[in-house]
Amino acid sequence: MRVLYAIQGTGNGHLSRALDLVPLLQKRCQVDILVSGCQADLALPFEVKYRCHGLSFIFGKKGGVNFVKTFAQLQTKMFYEQVRDLPVEDYDLVISDFEPISAWACYFKKKPCVALSHQSAVLDPKAPQPKKDDYLGRFILKNYAPATAHYGFHFERFSKNTFTPVIRSQVRELEPTNQGHYTVYLPAYEDEVLLKKLSFFQEVKWEVFSKHNQFPIRQGNINIKPINNEQFVQSMASSAGVLCGAGFETPAEALYLQKKLLVVPMKRQYEQHCNAAALAAMGVPVIKSLKSKHLPTIAEWLAHGQVVPVHYPNETEQIIDLVLETHAVPAVVHP
């Protein structure tokens with residue numbers, strides 16, 4: 001059986017999930033991997049057959065998406081050509097983790113595409129939604145990578161096709177400790193903003209992982225480091241708590257490691273506001289931004305924040321089997 005597994009390369013979450021999913025697929029079938037997009041800091045230890053420019057959102061420096069840079073890097077002609085030329089018809093099954101090239105190639109060639117992503121769970125009618133609806137954001141989320149079947153991962157299981165997060169083996173094998181520091185990952189904020197806001201809490205040791213700096217910076221009680229997967233995971237596992245964006249994988253891993261959590265959703269990023277709604281319903285504190293008016297909430301969290309208990313069993317193998325058994329139909333070979 002030939003399977004194309006396509007991964008969204010904006011951010012590290014999709015790639016992190018692939019670290020566990022790809023080996024399971026490789027045990028069961030012949031797998032080719034496609035990665036599109038940029039903004040990722042995590043390298044895959046597998047051969048990637050297709051690398052595409054894709055459609056990426058570029059992180060800003062003031063809490064949101066940098067739309068100027070996002071539109072500047074869009075290459076419509078290249079996107080069309082990559083969609084046109086991707087040979088999805090050669091595969092028995094195409095699985096897309098919110099990856100648009102493969103999804104649209106299947107759409108135009110009338111081939112089934114199975115979505116296996118967090119975004120599929122966010123779009124589930126039973127999933128929590130923010131109080132203020134974002135029609136444009138929902139439209140983009142729904143049509144960015146169209147699929148014919150949907151399986152999703154979320155912080156809680158809301159429906160039969162929604163599963164709890166895939167916690168990568170690297171994290172499951174850790175023994176959490178508390179060395180007193182707080183781990184920070186807010187890629188939509190520049191270092192200067194983080195230094196200014198976090199320095200307000202002089203008694204707290206902050207370990208900040210930055211997408212905007214290639215060299216470590218230490219300023220008082222704040223230690224800023226370039227993104228490094230090993231260092232970040234170890235920092236999170238040994239922390240007293242995690243302050244991060246309202247993405248999916250990092251909050252899920254923090255909850256799994258029994259760390260108290262505070263999230264700041266990116267501005268004008270619909271998916272993160274959906275995630276924030278789900279986390280808030282579980283009891284995780286959420287602040288809209290790092291503006292000074294929200295600093296008392298951070299202080300309260302530092303002093304009295306509680307761990308939100310979760311149960312995230314390792315169901316990855318069963319999910320892969322479900323998808324393959326339900327959707328893998330061998331291609332008909334004509335003489």
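All heavy atoms count here, side chains included; hydrogens, waters and symmetry mates do not. Nothing fancy with the numbering, it's 1 onward along the sequence. What you see is a predicted model; the values in this text were computed from it and never measured.
Note: R218 CZ to N223 CG = 4.0 Å, rounded to the nearest 0.5 Å. Rounding to the nearest 0.5 Å gives a distance of 9.0 Å between CD1 of I287 and CH2 of W301. From F200, atom CZ reaches atom CG of N221 across 12.0 Å, with rounding to the nearest 0.5 Å. For the atom pair CG of L243 and NZ of K260, the computed distance is 11.5 Å after rounding to the nearest 0.5 Å. Interatomic distance, CD1 of I101 versus OH of Y80, reported as 12.5 Å (0.5 Å rounding). Atom CG of D97 and atom CG of L15 lie 8.5 Å apart (nearest 0.5 Å).
Ring-centre distance between F232 and F209: below the 6.0 Å cut-off. Taking the ring centroids of H327 and Y151, they lie under the 6.0 Å cut-off.
Remark: the backbone N or O of H304 is paired with a side-chain donor or acceptor of Q306 at under 3.5 angstrom. In this structure, R157 contributes its side chain and K160 its backbone to a donor-acceptor pair below 3.5 Å. Of the possible donor and acceptor atoms, none in the side chain of R51 sits under 3.5 Å from a partner among the backbone N and O of L34. The closest donor-acceptor contact from the side chain of Q272 to the backbone of M266 lies under 3.5 Å. A donor-acceptor pair under 3.5 Å links the side-chain atoms of H212 to the main chain of P187, judged by distance alone. One N or O on the side chain of K259 and one on the backbone of A237 form a donor-acceptor pair closer than 3.5 Å. Using modelled atom types, one side-chain atom of K109 and one backbone atom of L86 make a donor-acceptor pair closer than 3.5 Å. A donor-acceptor pair is defined here as one N or O able to donate and one able to accept, closer than 3.5 Å; such a pair exists between the side chain of T148 and the backbone of C113. At distances below 3.5 Å, at least one donor-acceptor pair connects side-chain atoms of Q269 with backbone N or O atoms of E271. A donor-acceptor pair is defined here as one N or O able to donate and one able to accept, closer than 3.5 Å; no such pair exists between the side chain of K211 and the backbone of Y189.
Taking all atoms of both residues into account, the shortest heavy-atom contact from I95 to L116 is CG2-CB, 3.8 Å. Looking at every heavy atom in both residues, Q26 comes nearest to V31 through N-CG2, 3.8 Å. Considering all non-hydrogen atoms of both residues, P285 and L262 come closest at O-CD1, 3.3 Å.
Residues D134 and R268 are not paired through a salt bridge, judged by the lack of any N-O separation under 4.0 Å between the basic side chain and the carboxylate. Ion pair R28/E325 not flagged as a salt bridge, since none of the NZ, NE, NH1 or NH2 atoms sits closer than 4.0 Å to an Asp/Glu carboxylate oxygen. Between R168 and E249 there is no salt bridge, since no side-chain N of the basic residue sits under 4.0 Å from a carboxylate O of the acidic one.
Tested against I222, the residues L195, V204, L194 include a single side chain to side chain contact (heavy atoms under 4.5 Å, CB included) partner, L195. Results of the ring pair (Phe, Tyr, Trp, His ring centres under 6.0 Å) test with Y144 over F98, Y107, W104, F139 single out F98 as the only residue that passes.
In this structure E230 satisfies the side-chain hydrogen bond (donor to acceptor under 3.5 Å, both in side chains) test together with Q170, sequence neighbours excluded. Residues satisfying the ring-ring contact (aromatic ring centres under 6.0 Å, His included) criterion with Y270, sequence neighbours excluded, are absent altogether. Listed by chain and number, the residues in a side-chain contact (heavy atoms from CB on, under 4.5 Å) with S120 are A115, S117, H150 (sequence neighbours excluded). A search for ring-ring contact (aromatic ring centres under 6.0 Å, His included) contacts involving F248 returns H118, F155, not counting sequence neighbours. The side-chain contact (heavy atoms from CB on, under 4.5 Å) check on K291 picks up S289, K293, H294, with sequence neighbours excluded. Annotation: side-chain hydrogen bond (donor to acceptor under 3.5 Å, both in side chains) contacts of S210 (sequence neighbours excluded): D191.
Linking Ile, Leu, Val, Met, Phe, Trp and Tyr residues whenever their side-chain heavy atoms come within less than 4.5 Å leaves V166 and F158 in two separate clusters. V307 and V310 fall into different hydrophobic clusters, defined by Ile, Leu, Val, Met, Phe, Trp and Tyr side-chain heavy atoms under 4.5 Å apart, directly or through other members.
Residues P128 and C274 have side chains not in contact (no heavy-atom distance under 4.5 Å, counting atoms from C-beta outward). Here the side chains of V263 and C244 are in contact, with some heavy-atom distance below 4.5 Å. Side-chain contact between V193 and E190 is present, with at least one heavy-atom pair separated by less than 4.5 Å. Residues N161 and D124 are not in side-chain contact: their nearest non-hydrogen atoms beyond the backbone lie 4.5 Å or more apart. Using a 4.5 Å cut-off on side-chain heavy atoms (C-beta onward), M236 and Y185 make no contact. Looking at heavy atoms from C-beta onward, R138 lies in side-chain contact with L123 at the 4.5 angstrom threshold. In this structure, V286 and P265 have side chains that are in contact, with non-hydrogen atoms separated by less than 4.5 Å. Using a 4.5 Å cut-off on side-chain heavy atoms (C-beta onward), P313 and T164 make contact.
Taking the six-membered ring where tryptophan is involved, the planes of Y182 and W206 are tilted, since the angle between them lies from 30° to 60°.
Using modelled atom types and a 3.5 Å distance limit, the side chains of S36 and E99 yield a donor-acceptor pair. For the residue pair D20 and T316, no side-chain donor N or O sits within less than 3.5 Å of a side-chain acceptor on the partner. In this structure, a donor-acceptor pair under 3.5 Å is present between the side chains of T183 and S235. Looking only at atom types and distance, the side chain of S292 has a donor-acceptor partner in the side chain of K197 under 3.5 Å away.
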side-chain contact (heavy atoms from CB on, under 4.5 Å) between Q231 and K225, intermediate numbers included: CA-CA 9 Å; Q231 292 181 14; K225 307 176 182 181; 3.9 Å; yes
Start with the C-alpha gap between D32 and Y5, add the side-chain angles, then the distance that decides, and say whether side chain to side chain donor-acceptor pair (under 3.5 Å) holds. CA-CA 6 Å; D32 288 339; Y5 181 56; over 6 Å; no
The test is side-chain contact (heavy atoms from CB on, under 4.5 Å); show your working for R2 and D90 and say whether it passes. CA-CA 8 Å; R2 294 193 67 195; D90 292 346; 3.9 Å; yes
Would I167 and N314 count as a side-chain contact (heavy atoms from CB on, under 4.5 Å) here? Give the steps. CA-CA 7 Å; I167 304 297; N314 189 353; over 6 Å; no
Evaluate the side-chain contact (heavy atoms from CB on, under 4.5 Å) criterion for residues V308 and L255: first the C-alpha distance (whole Å), next the side-chain angles of each, then the deciding distance (0.1 Å), finally the verdict. CA-CA 7 Å; V308 174; L255 290 170; 4.1 Å; yes
